[in-house]
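First the structure, in the form of structure tokens, and then the observations on it.
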2 protein chains.
Amino acid sequence: MRLPVSEYMLKNLAAHSRSVRCVSTIATSEPTAPSVKTAIPGPKSIALKDAMEKVHQATSVKFFVDYEKCFGNYIVDADGNQLLDPFMQISSLPLGYNHPELIALAKDPRLMTALVSRPALGGYPRTDFANLITNSLRKVAPPGLSHLQTMLCGTSANENALKTAFIHYQTKKRGGKSPTQQDLDSCMVQQKPGTPSLSVLGFEGAFHGRSLAMLSVTRSKAIHKVDIPAFDWPIARFPRYKYPLENNVEYNRKQDEDCLAHVKELIQEWKQKNNDVAAVIVEPIQSEGGDFHASPDFFKRLQKICQDNGIAFIVDEVQTGGGTSGTFWAHEQWNLPTSPDIVTFSKKVLIGGYYYKDNFRINEPYRIYNTWMGEPTKLVVLEKVIEIIQRDGLVQKTKEVGQHLQNSLLQLASSHSNKVLNVRGMGTLCAFDMPDSTIRDKLINTAIANGLHIGGCGDLAVRFRPALIFEKKHVDVAIELLQQSLKQLK
Amino acid sequence: MRLPVSEYMLKNLAAHSRSVRCVSTIATSEPTAPSVKTAIPGPKSIALKDAMEKVHQATSVKFFVDYEKCFGNYIVDADGNQLLDPFMQISSLPLGYNHPELIALAKDPRLMTALVSRPALGGYPRTDFANLITNSLRKVAPPGLSHLQTMLCGTSANENALKTAFIHYQTKKRGGKSPTQQDLDSCMVQQKPGTPSLSVLGFEGAFHGRSLAMLSVTRSKAIHKVDIPAFDWPIARFPRYKYPLENNVEYNRKQDEDCLAHVKELIQEWKQKNNDVAAVIVEPIQSEGGDFHASPDFFKRLQKICQDNGIAFIVDEVQTGGGTSGTFWAHEQWNLPTSPDIVTFSKKVLIGGYYYKDNFRINEPYRIYNTWMGEPTKLVVLEKVIEIIQRDGLVQKTKEVGQHLQNSLLQLASSHSNKVLNVRGMGTLCAFDMPDSTIRDKLINTAIANGLHIGGCGDLAVRFRPALIFEKKHVDVAIELLQQSLKQLK
């Protein structure tokens, strides 16, 4: 019934000779240094933006990228400028650009069938689905989290984590039973008991996504939230530490105390409003909000508050997961007495989703469900990514590179003490603050003009979000370019 | 700096010889008839489900699929059963399984770079992004909808369509101006005016996705909604027609009247609650809810009500878009005096997103934004899909095949008048009802056992959701298997 292989391949080769020839255009080695020829965005990027405006929103475009020419830690823009890139598509590429072992997956038949014959995963998974999960997400599962659910992106991961927490909360109320007929009937007219009043506690400065529900616990920037209706959910203060940590122990401990007291207060307040807090969601580092850290002790005590109040403790590792913190998951460094209830992921993990504790398993089918529920192509790539990370010891290497980066930033701060403030980091997830937004934005633009593509976050911070292949030599290039850029600031 | 092509390719070929050999495993031709050897799910599917349960939720899995063996309109399960598949992964494959021209895209360097070096599209698009859009989504843009925005799935398309409608509504209130400082400050504490009370009107029986906001306008099944908090948004009745249409003209016209009167009532009611309706969202066919249709006149008058009240008219074509209705977009058949304000898409269009009218364009950056905002790999595949659809005239063919399918179902109904009820269709988006859920579920299971993979929806309906390559010969096989299955029902 099937055509013989050679005939099939020949047919395709003939039909696609143009494409076949183009394979040569994918870069295969990393430049040794940045090279900037034009202003950024350059004339070609500007022309492309004009063209894009006609067919698709382009208001937030920074520059256009010639992705076939990018390699490793270097991004190449439309005008041929080569920049060292420790920002990596908003922290979302684990192994940098065009890793040859990933490009070679084009020859893996699982990849193309998964792409072209995309499964509705909840109903019709691939025969090798359990294998794919075992060889990818299970290999890096946080200790104590026995189950997982794939999704498509960070927002859908968080949305479904909340749904899991709500279902868990209501199921506990029913003594572990499935919804009653009254629950099922009332939810269709959105009345209690089927549609409960339940809330989620988030934090000032947090970012969890941009759907209506996730915006209700997101407080990083007003422009994300304005004009959009929201759920009435509580927002607690998150620690704002002084640096260096060792000189501000008392102040920072007080921050933890105050914020945790606020959490407890809000839980009581919302209980009195008959809008019980069913879940707390928190990032290990408030990334979009300004790279704000909190102590392991803060998170341990936050988890304890959740346990004491029967509230799900959800850790959003969408930006911090994947190894750049120096452990595969940032929360591993807190030494919690027991794992979080739910840990969400996306970005460098390529697929979205969440791990959850056994007691959060949902018995009824079709409650956590949608057409695609993730995508096996991402698992095929992730399988190889994790193989490479483990084979090459990239998490341990990142820990060492992160230490070098932090030390180098501290040195930079000591020679620019009025400009480079509050150096902090976890692995290569490093940041520093500047005195105000204007000078911060100016530094970022100057650095880009000098060949370093670095990102901002919050009002004052400059952040590093490199791939796991960011080495000490790349740190040194970055620091030299920052040094040069700081000198150029008037 | 770059390795020469041949050396690069040889290196990859050597490293991946196992994979290269495996390319031969992808099917290249369609079976001529179904072939069922075991019960479905068979022993291998059952064993795989047990294995999957250990690593990932599997409660809703129907059977496992050997995707490399599927081709065209035929799905092949883990046990080697070959089924004719007019359900196509919940209506999401435009050209069936493993279309050779799509499989051949593995050789297109854009595909692999877009996958491996995935852009954060809002900030750093590919240099060919405007071209990709022009060669794909723009080629099939509904008349009058000049702009579009890509997203990742149907839910994120709908979420961002609502956000666009809310921003539009508030911007109009401000006389076209950007948010004030008071708006920006108040939204960070989720107070008015920055966080408005605004609602969205949906319909009984509707399905728009499973995020918290989209569940608030979804009323197809209780199990989707129970235990999940919701926004207080109005839900109007949707027509429930009697068939055949030509014998029930008055009854059905009355249905339209009643439902539209209900829409008007709810708009007033919510205005009085200070929770203005900013958008109406509606499917051309309520698919998940039970394949309920409404007349072009209903939709025309619904649009008029929206216009009269300054409400955005959003048409959710996630399931109906992509050509199977007999036009690329189902709403084209309503002959509206002006296009809808927003049309959302996903599934057979491979990427999620929405088209919108010029006056819904948002001026400020970062308001409609997220890390990935869709995925260029999908556009590379969609470009080829649309080329094939247009080259082979598949939308027109589908219209003819759909007519043949509807006629055949009417014939089936005439010989099984107590079991096959309310035959209806738009292109190949066809359905019929059965007297109750038990017999409907039994028919579906019997059909699957006979080699026809068909889907249910709502309480009573059996639905067809074939790919655009579903031909008259496939209709005939499907009808014969339905005939046989109906006879087997006791």
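The chains referred to below are lettered A, B, ... by the order of the sequence lines, with proteins before strands, and numbering in each begins at 1.
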Option in [options] with maximal non-hydrogen atom pairs under 4.5 Å from chain B:
| options | answer |
| --- | --- |
| A:Pro229, A:Ala58, A:Ala78, A:Ala120 | A:Pro229 |
| A:His224, A:Glu204, A:Glu53 | A:Glu53 |
| A:Tyr169, A:Phe166, A:Trp233 | A:Phe166 |
| A:Leu184, A:Asp232, A:Asn160, A:Leu95 | A:Leu184 |

Portion of B:Thr195 that has a non-hydrogen atom of chain A nearer than 4.5 angstrom: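 Both backbone and side chain of B:Thr195 come within 4.5 Å of chain A.
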
Taking the six-membered ring where the residue is Trp, are the ring centres of B:Phe64 and A:Tyr124 under 6.0 Å apart?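 Centroid separation for B:Phe64 and A:Tyr124: 6.0 Å or greater.
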
Checking [X] against chain B: side chain, backbone, both or neither under 4.5 Å from a heavy atom?
| X | answer |
| --- | --- |
| A:Lys49 | neither |
| A:Asn131 | neither |
| A:Lys54 | backbone |
| A:Phe129 | side chain |
| A:Ile368 | both |
| A:Met88 | neither |

From the options A:Asn370, A:Leu152, A:Thr371, select the one residue that forms a side chain to side chain contact (heavy atoms under 4.5 Å, CB included) with B:Cys153.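 For B:Cys153, the side chain to side chain contact (heavy atoms under 4.5 Å, CB included) test succeeds with only one of A:Asn370, A:Leu152, A:Thr371, which is A:Leu152.
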
Contact between [X] and [Y] at the side-chain level, heavy atoms closer than 4.5 Å - yes or no?
| X | Y | result |
| --- | --- | --- |
| A:Thr155 | B:Glu159 | no |
| B:Arg174 | A:Asp227 | yes |
| B:Leu115 | A:Leu115 | no |
| A:Ile167 | B:Val226 | no |

Do B:Thr113 and A:Glu68 get their side chains close enough for a donor-acceptor pair, meaning under 3.5 Å?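 A donor-acceptor contact under 3.5 Å links the two side chains.
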
Would you say the side chains of A:Ser117 and B:Asn98 form a donor-acceptor pair under 3.5 Å?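 Short answer, yes.
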
How long is the straight-line distance from [atom2] of [Y] back to [atom1] of [X], given to the nearest 0.5 Å?
| X | Y | atom1 | atom2 | answer |
| --- | --- | --- | --- | --- |
| B:Glu375 | A:Lys378 | CD | NZ | 3.0 Å |
| B:Cys187 | A:Leu215 | SG | CG | 9.5 Å |
| B:Arg110 | A:Tyr67 | CZ | OH | 15.5 Å |

Determine, step by step, whether A:Arg219 and B:Gln190 satisfy the side chain to side chain donor-acceptor pair (under 3.5 Å) criterion, reporting the C-alpha distance in whole Å, the side-chain angles of both residues, the deciding distance to 0.1 Å, and the verdict. CA-CA 9 Å; A:Arg219 307 287 170 122; B:Gln190 274 171 209; 3.0 Å; yes

Looking at B:Pro125, B:Ala130, B:Gly122, which one has more heavy-atom pairs under 4.5 Å with chain A than the rest?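 The answer is B:Pro125.
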
